[in-house]
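Worksheet: the structure to be examined is printed underneath.
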Amino acid sequence: MAEAAVETREIAKRFGELWAVDRVTIRVDTGEFFGFLGPNGAGKSTLIRMLTTLHRPTSGTASVAGWDVVREPASVRRAIGVVPQNLSSDLDLTARENIDIYGKFYDVPRKARRDRTAALLERVGLTAKADDLVATYSGGMRRRLDIARALIHRPSVLFLDEPTSGLDPQSRRVVWEMLQGLMAEDGLTIFLTTHYMEEAETLCSRVAIIDHGSVIALGTPDELKRALPGNDTVGLTVGGSEEAALEAVQAEPYVRKAARDGRSLKCYVDNGAEGAPLLLQLLDRLGITVESVAIHRLSLEDVFIHHTGRDLREEESKKVSLLIGAGVPRRMGG
Ligand SMILES: Nc1ncnc2c1ncn2[C@@H]1O[C@H](COP(=O)(O)OP(=O)(O)OP(=O)(O)O)[C@@H](O)[C@H]1O
Ligand SMILES: [Mg+2]
């Protein structure tokens with residue numbers, strides 16, 4: 001078995017009455033790209049802060065690169081790179097100066113600092129702008145600089161807290177490619193948090209889905225999706241008679257599960273291309289109008305809905321999604 005890069009046992013953090021992280025036990029092997037996926041307020045940053053020695057756990061234990069986060073914090077800090085949720089590079093300095101100062105904190109010798117800074121700037125595509133003030137950078141460039149800076153002391157585990165939040169899709173993709181390169185070529189272990197399911201799906205070898213401080217599902221993206229009924233969903237928006245439509249589709253043998261959200265029906269089927277026309281014919285026979293139809297491969301979004309009865313996207317905007325048919329939502333609101 002590979003050595004553990006991160007290992008937690010029942011780790012928990014309480015703020016007043018609130019358990020922000022509630023007894024999380026995970027093991028991340030060296031060389032893994034591990035993702036923590038969850039909505040706003042799920043406890044992602046709190047967990048990262050405990051693993052990076054910024055918060056002391058209320059209970060439970062954790063080790064990073066073999067060091068205990070409470071008893072050996074200095075060793076943990078030397079072994080890790082951290083990219084916090086908020087952009088943190090200094091606006092009044094150049095990119096090169098930002099990285100250099102960080103290197104000094106870590107006692108990286110001058111020559112090594114200079115060489116590594118140049119290599120890292122190249123790595124994140126900032127060489128041409130290396131001597132410009134960070135104040136002139138875009139959000140995507142600042143994020144790339146934060147990542148380069150976190151690597152100056154050659155850590156073995158890199159923690160990233162929502163590394164692409166607020167970036168446009170193009171910049172997000174650039175960051176993804178960079179992280180994939182770091183992982184493949186430098187053998188880094190990467191631990192990231194995100195609320196973008198696509199990000200978790202694209203990057204992570206394993207994903208833990210976290211909600212209200214607890215891990216509710218853990219596995220490779222494929223394993224998580226395989227645990228759901230079917231392979232595809234057929235989404236149908238009907239023009240009235242929603243309850244009758246739901247009952248009818250539920251009675252079909254090829255529909256493994258169906259749920260209603262307002263005027264939309266979501267049907268889990270083994271094959272969307274075969275199921276969709278059958279469903280359309282069925283509703284047509286019943287005289288129920290279908291306004292739109294969409295076939296989707298199951299995604300981590302569906303995994304989240306399956307386990308919580310709520311929609312991850314909706315959660316982002318702190319709305320309540322009622323998924324009738326999947327049971328009453330356990331908790332309302334954010
Ligand atoms: N220092 C603190 N004092 C009190 N409550 C806190 C503190 N830090 C976090 N919390 C609460 O703990 C819960 C988890 O917060 P956390 O920041 O870990 O969530 P998150 O998953 O990182 O969310 P986001 O996606 O918005 O960054 C939230 O309800 C938050 O309000
Ligand atoms: Mg956070």
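Note that this is a predicted model, so its numbers are computed, not measured. Heavy-atom basis, side chains included; hydrogens, waters and symmetry copies ignored. When a ligand or atom number is given, it counts from 1 through the structure's own listing order.
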Under a 4.5 Å cut-off applied to non-hydrogen side-chain atoms, are [X] and [Y] in contact?
| X | Y | result |
| --- | --- | --- |
| R149 | S88 | yes |
| L87 | R143 | yes |
| P84 | D161 | no |

Quick one: does NZ or CZ of K44 land under 6.0 Å from the six-membered ring centre of F36, within 45 degrees of the ring axis?
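Checked: cation-pi criterion not met.
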Shared hydrophobic cluster, V76 / L160 (ILVMFWY, side-chain heavy atoms < 4.5 Å):
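No, V76 does not connect to L160 through the hydrophobic network.
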Check each of K266, H296, H307, R297 against D302 using the side-chain hydrogen bond (donor to acceptor under 3.5 Å, both in side chains) test, and report the only one that passes.
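Among the candidates, only K266 passes.
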I'd like the residue list for ligand 1, meaning every protein residue with a non-hydrogen atom under 4.0 Å from the ligand.
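For ligand 1, the residues that come within the 4.0 Å heavy-atom cutoff are F15, L18, A20, P39, N40, G41, A42, G43, K44, S45, T46, Q85, E162.
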Give me the one residue out of V303, L300, D211, I210 that meets side chain to side chain contact (heavy atoms under 4.5 Å, CB included) with L37.
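Result: among V303, L300, D211, I210, L300 is the only option passing the side chain to side chain contact (heavy atoms under 4.5 Å, CB included) with L37.
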One pair to check against side chain to side chain contact (heavy atoms under 4.5 Å, CB included): D90 and V134. What are the steps and the verdict?
CA-CA 7 Å; D90 195 327; V134 173; over 6 Å; no
Could you tell me how the ring of H55 sits relative to the ring of F15: parallel (under 30°), tilted (30 to 60°) or perpendicular (over 60°)?
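H55 and F15: perpendicular rings.
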Below 2.8 Å, which protein N, O or S atoms neighbour the Mg ion (ligand 2), ignoring water?
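The answer is S45 OG, Q85 OE1.
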